[in-house]
> 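Okay, here's the structure, questions in a sec.
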Amino acid sequence: MSSPVKRKIAFPMIGHYNYGIRYIVEKGLEQEYIMQTQMTRKTMEIGSKYSPDTVCTPFKTTLGSMIEALEAGADTLIMTFGLCRLGYYGELQEQILRDLGYDFDFVNLSDYQTGNKADYLKALKKLNPKTKKAKLAIAAVEGIKMAERMDEIEAEYYKKCGFETEKGACKKVMNRFYRDMGKAANKEEIEEGYHRAKEDLQAVPTERDENPVRIGIIGEYFTVMDAFSNLEIEQKLADMRAEVHRWMNISNRNLHYSGEKNLNVRIHDLCEYEMGPTSTANIWCARDYAERGFDGIIHVKSAGCTPEIDIMPVLQNLSADYQIPILYLTYDSQTSDTGLLTRLEAFYDMLKMRKKVLR
């Protein structure tokens, strides 16, 4: 008897998290994962061409990424859910893709957003009804652990790479780490790649400034985490010899965030209710950076992101109360890399001069 034909599954690119998604698909569902290339300006142009003008930028980038996946041979697409307009992306994007003539199966996780996490297993079972729940659960746990390990190594990288004595040494470690995660076939290989990257990063020689400029980055979930979408803002700041911190990632927001049970108690005087997908967490994070004596904060969002627009007055109050400068950056499909760099350089220079005056 011939074995059943495997699905060719894809998910829109976001940072390097697709390594973890591929791990779950291939190890847990025993299906093929189509890993399209990292997003480029072409991805954005394709997505913008077929998107409504008024949608936020992540809609355009994820649509472009889906088109690239289909062109690369994918026959099944998965779209995530969200608490803002992201929850409606899947339905509209599926219709756009079908209108363009693509033939594919579509699993929209928003359809399974019932409040019962076990229902997400139903969505995954659609991709392979014969998969064993135990095997899928193990692969999911290991794939999520991979995401956690990537978040930890990435955070350490941006804190350190700006002070390396050999240009590009930290980047070499990161590139090998991502290759290791891309090839990992089991939990042991994930951990081996993680520990090697951690040790290698620690071993990179640095000449650290005595009191470096520390910048905390907050913002809208997708844009702040995806280096392509934010035009590599963290790398640009690190290249100026800033110590860069970003709390918002999969691990902190989705796995360890205690929400109103804990974190929001600290900002009850600023916002009484949960304000949306990541906005309340960003208020908490901004206050945390301010209380820890950071030199500046950068708020990142895509154009038209209502929850992040709503918190800007709160951030302005925080800026005044704690005397901490905040740079507000809005990204759309026309945002210029050169224009961004100019604003970041001016912000960094201002923080550096201000630091000398206040010392």
Side-chain angles (χ1 to χ4, degrees), residues 7-15 17-18 21 25 33-116 119-120 122-124 126-127 219-226 228-230 250 253-254 275-279 300-310 330-335:
R7 289 178 180 268
K8 297 179 179 180
I9 298 172
F11 187 88
M13 293 296 288
I14 173 171
Y17 291 119
N18 291 65
I21 298 171
V25 167
Y33 189 79
I34 300 298
M35 181 71 81
Q36 63 269 46
T37 58
Q38 291 292 317
M39 292 191 289
T40 64
R41 290 300 301 180
K42 182 180 177 182
T43 312
M44 175 73 78
E45 290 168 2
I46 294 172
S48 298
K49 181 178 180 180
Y50 300 112
S51 297
D53 290 338
T54 54
V55 298
C56 48
T57 313
F59 182 102
K60 300 172 183 178
T61 51
T62 53
L63 179 64
S65 184
M66 287 179 176
I67 291 174
E68 289 181 335
L70 291 169
E71 293 292 339
D75 57 29
T76 304
L77 297 176
I78 304 174
M79 185 57 192
T80 188
F81 57 89
L83 301 176
C84 60
R85 286 183 291 178
L86 178 60
Y88 300 99
Y89 281 10
E91 186 174 352
L92 180 55
Q93 289 173 327
E94 179 186 7
Q95 189 59 55
I96 291 171
L97 293 171
R98 296 202 186 283
D99 288 346
L100 290 173
Y102 290 104
D103 182 23
F104 58 96
D105 289 328
F106 194 78
V107 176
N108 186 354
L109 294 181
S110 286
D111 294 338
Y112 300 86
Q113 197 173 0
T114 62
N116 183 356
D119 284 343
Y120 295 128
K122 296 179 183 178
L124 296 178
K126 282 188 65 176
L127 300 171
E220 173 255 308
Y221 189 73
F222 186 95
T223 306
V224 80
M225 291 194 301
D226 184 70
F228 167 76
S229 297
N230 60 47
I250 293 289
R253 182 61 183 86
N254 295 88
M275 293 179 65
T278 56
S279 50
V300 169
K301 67 176 178 65
S302 61
C305 180
T306 306
E308 295 302 322
I309 292 172
D310 288 344
T330 300
Y331 290 80
D332 59 28
S333 57
Q334 304 300 319
T335 300

> Starting at OG1 of Thr80, measure out to OH of Tyr17 and round the result to the nearest 0.5 Å.
12.5 Å
> Looking only at side chains, do Tyr89 and Asn108 share a donor and an acceptor under 3.5 Å apart?
no
> For a quick test of reading the model, state the closest non-hydrogen atom pair linking Met66 to Pro12 and the distance between them.
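Nearest heavy atoms, Met66 then Pro12: CE-CG, 3.7 Å.
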> Using the side-chain hydrogen bond (donor to acceptor under 3.5 Å, both in side chains) rule, take Ser65 and Gln36 through it: C-alpha gap first, then chi angles, then the decisive distance, then the call.
CA-CA 8 Å; Ser65 184; Gln36 63 269 46; 2.9 Å; yes
> Testing the basics here: between Asn18 and Phe11, what is the closest heavy-atom pair and its distance to 0.1 Å?
ND2-O, 3.2 Å
> Under a plain distance cut-off of 3.5 Å, with no hydrogens placed, do Glu68 and Thr43 share a side-chain donor-acceptor pair?
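Glu68 and Thr43 do have a side-chain donor-acceptor pair below 3.5 Å.
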> Between Pro52 and Phe59, what is the shortest heavy-atom contact and its length?
CD-CE2, 4.0 Å
> Given side chains that start at C-beta, do those of Thr62 and Ile14 come closer than 4.5 Å, heavy atoms only?
no
> Do Asn254 and Tyr221 have side-chain atoms, one donor and one acceptor, less than 3.5 Å apart?
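Yes, because at least one side-chain N or O of Asn254 sits under 3.5 Å from a partner of the opposite role on Tyr221.
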> Please report the closest heavy-atom contact between Ser302 and Thr330, naming both atoms and the distance.
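Closest pair (atom of Ser302, atom of Thr330, distance): C-CG2, 4.1 Å.
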> Can you name the nearest heavy-atom pair linking Ser51 to Leu63, along with the distance?
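Result for this residue pair: OG-CD2, 3.4 Å.
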> If only side-chain N and O atoms count, and only distance matters, is there a donor-acceptor pair under 3.5 Å linking Thr223 with Glu220?
yes
> Should we count CG of Asp103 as having more than 12 external heavy atoms under 6.0 Å?
no
> Considering only heavy atoms from C-beta outward, does the side chain of Phe222 approach that of Thr61 to under 4.5 Å?
yes
> Looking only at side chains, do Gln93 and Tyr88 share a donor and an acceptor under 3.5 Å apart?
no
> Going by an N to O cut-off under 4.0 Å, is there a salt bridge joining Arg7 and Asp75?
no
> As a quick check of understanding, evaluate side-chain hydrogen bond (donor to acceptor under 3.5 Å, both in side chains) for Glu94 and Tyr102, giving each step before the final call.
CA-CA 10 Å; Glu94 179 186 7; Tyr102 290 104; over 6 Å; no
> Ring of Phe104, cation from Arg98 - is the NZ or CZ under 6.0 Å from the centre and inside 45° of the axis?
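Yes; both conditions hold, so Arg98 lies above the ring face of Phe104.
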> Is Arg41 salt-bridged to Glu45, going by a charged N under 4.0 Å from an acidic O?
no
> Quick check: closest heavy atoms across Ser229 and Tyr331, and the distance to 0.1 Å?
O-CD2, 3.4 Å
> Between the side chains of Ser48 and Lys60, does any donor sit under 3.5 Å from an acceptor?
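Side chains of Ser48 and Lys60: no pair found under 3.5 Å.
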